[in-house]
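Worksheet for the structure shown next.
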Amino acid sequence: MTIKEKGQEIVEEFSMFDDWMDKYNYLIELGRDLEIIEDSHRDPQHLISGCQSRVWLSADYKDGIINFKADSDAVITKGIVNLLIRAMSEQSPDEIINDPLEFLEEIGLKEHLSPTRANGLTSMVKQMKLYALAFKAKSGQ
Amino acid sequence: MDINSIRSQFPILSREVHKKPLVYLDNGATTQKPLMVIDAISNYYRNINSNVHRGVHHLSQLATDAFEKSRITVQEFIGANSIKEVIITKGTTESINLLAYSFGDAFINEGDEIIVSELEHHANIVPWQLLCQRKKSVLRVIPVNEKGELEMDAFESLLSDKTKLVSVAHISNALGTINPIAEIIEKAHKVGAKVHIDGAQAIAHSKLNVKELDVDFYSFSAHKMYGPMGIGIFFGKEELLDQMPPWQSGGEMIDKVTFEKTTFNELPFKFEPGTPNVDGMIGLESSIHFLESLGLENIKKAEDELLAYGTEKLSAIKGLKIIGTADKKASVISFLLDDIHPFDAGTIIDHMGVAVRTGNHCAQPIMDKIGIPGTIRASISIYNTKEDIDRLVEAIERTQMMFA
């Protein structure tokens, strides 16, 4: 599935929620379900610094496919991170570099991703794309 | 004081946030603005806008008169000796930078010591660190106890003839602690040190008299006292300001310019290059009239009552821990909820229509000392009510429910 298709799947999931509380309860649940990063990757090197919540991100590249793992000290942030990882993992570098991630806007989480919102998520998306660029360059694609 | 009549002066308080009536409890970050301030600024642009101190034309005279009258209002409000002691800046941060550069370059030398406290906002830490790098001087730090109060014994032992400047907050933005500034000033003066007080959090909550305090420098911002953003005041004793070199330069602050030599304008203009924030100053004057119309003693009394009510209500919530329990506290309640991250709590509280601040409050050292990533902070001002506190309590309970 492409990022766009996975994003569409997520949008459909969120369309079931009538009010903000259900949506956030779901995000909290997703945050708690997030497969956590290895302890060895929960270090300053993998830290994406935001003003309020911290996010750690690591990436693996194998057979032309990137997989991400992440963690955050805030649960709602982790929920959003979970969605990002679901859409962006198991993708090729090109797919990650080029997809505009429109689904985030459609599920009403854009506010968490504006550049001025200091929670590290914007930096996380940027970092994911940087990983993709680096892997692409390294593999000489 | 009639709370309904006060609230009716703040148009923004009648709006909704997330489809709920707004409860604004982020006054430590900035206060809302009463109609008289909004109208004063609007009136300035509608009727007298012109550049000051320059034109001989009628409007320029009107603008200059209004601008300088505002400076006198500030002078009287803070109890300064003359308008020469009232320097207009962009805000507290710029005031502190002015002091660090001007006083710092002239009077701080290698090995000299500057004292701040663990409670300080980054704006009262970083300019001193940069000064210490430039001058090879040393930054000393007053520790705080577990209640968030300055350890005054430790402060005294830091003081020596090497101490050139003590710069501390009047009130802590993160915890609400009211520091014993009169005692700090007296003790610092005994070793010949000068004292700067960061008054950003205090100016709207207690009456200031710089002369009685005998403080050397005092900084504050208009936007935390019901005035506009982008304007603040740097008070300095005239004898000190006279000895201090200019910091930023340009027009207005000069006397005579040739390519060989420039002589500088007299105080306060020496420190005010460029076109000043005229509408900001007129707005600030109006915010002072607002404060005086209520009376700072009355304001303090009302806010203290609400602080007591809020502290009682929040303390009763299981799993809520108040951070900062100083004996002398301003109307700030900083707290943590169970093990819920402040960002998570803040997100839910916001959706309940209640505006609070979450995070480290630009005071990372004190958060590190307590060993927490940040807090949730409710800061109370004159238009807040018991109903606002009740709405906060409701939002906190909802948050706990969602993260249970």
Side-chain angles (χ1 to χ4, degrees), chain A residues 14 17-34 36-37 42-44 46-57 70-84 104 107-124, chain B residues 16-20 26 29-30 121-123 126 173-174 319 323 334-368 370-377 394-404:
Chain A
F14 273 78
F17 303 128
D18 297 334
D19 73 353
W20 68 272
M21 264 187 63
D22 292 339
K23 193 163 86 182
Y24 277 92
N25 275 325
Y26 184 55
L27 278 176
I28 291 166
E29 207 177 295
L30 287 177
R32 288 177 173 153
D33 287 348
L34 180 69
I36 58 163
I37 202 166
R42 225 170 180 272
D43 59 11
H46 292 89
L47 178 68
I48 297 165
S49 209
C51 184
Q52 297 203 12
S53 57
R54 295 183 297 170
V55 175
W56 293 267
L57 176 72
D71 196 4
S72 170
D73 52 0
V75 180
I76 293 173
T77 308
K78 268 172 84 166
I80 302 168
V81 164
N82 193 335
L83 292 175
L84 277 173
L104 289 164
I107 57 176
L109 291 176
K110 192 79 196 295
E111 63 189 70
H112 289 287
L113 284 148
S114 70
T116 50
R117 183 97 185 186
N119 59 12
L121 282 169
T122 310
S123 318
M124 175 170 170
Chain B
E16 293 192 336
V17 165
H18 295 300
K19 297 182 187 144
K20 297 175 187 75
D26 193 18
T30 196
H121 187 284
H122 297 158
V126 184
N173 73 311
I323 307 292
S334 230
F335 60 94
L336 286 174
L337 280 181
D338 307 304
D339 54 358
I340 304 169
H341 193 285
F343 171 79
D344 286 331
T347 304
I348 303 303
I349 294 171
D350 169 57
H351 272 83
M352 297 289 288
V354 180
V356 291
R357 173 87 184 262
T358 58
N360 62 42
H361 314 297
C362 296
Q364 283 174 27
I366 187 66
M367 296 295 132
D368 288 346
I370 305 169
I372 53 176
T375 70
I376 305 146
R377 182 190 69 182
E394 190 193 329
I396 290 169
E397 286 169 350
R398 177 68 62 87
T399 304
Q400 286 181 311
M401 211 172 76
M402 287 181 72
F403 287 93

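Letters A, B, ... mirror the listed sequences (proteins, then strands); counts begin at 1. Scope of the values below: all heavy atoms of this structure, side chains included, with no hydrogens, waters or symmetry mates.
Interatomic distance, Ile80(A) CD1 to Thr347(B) OG1, rounded to the nearest 0.5 Å: 7.5 Å.
Residue Ile340(B): no heavy atom, backbone or side chain, is found under 4.5 Å from chain A.
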side-chain contact (heavy atoms from CB on, under 4.5 Å) between Trp20(A) and His18(B), worked out: CA-CA 9 Å; Trp20(A) 68 272; His18(B) 295 300; over 6 Å; no
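Scanning both residues, Arg32(A) and Ala404(B), for their nearest heavy atoms gives NH1-O, 3.9 Å. Between Thr77(A) and Asp344(B), the shortest heavy-atom distance links the atoms N-OD1, 4.1 Å. Taking all atoms of both residues into account, the shortest heavy-atom contact from Met402(B) to Met21(A) is CE-O, 3.6 Å.
Atom CG of Asp19(A) is surrounded by more than 12 heavy atoms from other residues, nucleotides or ligands within 6.0 Å.
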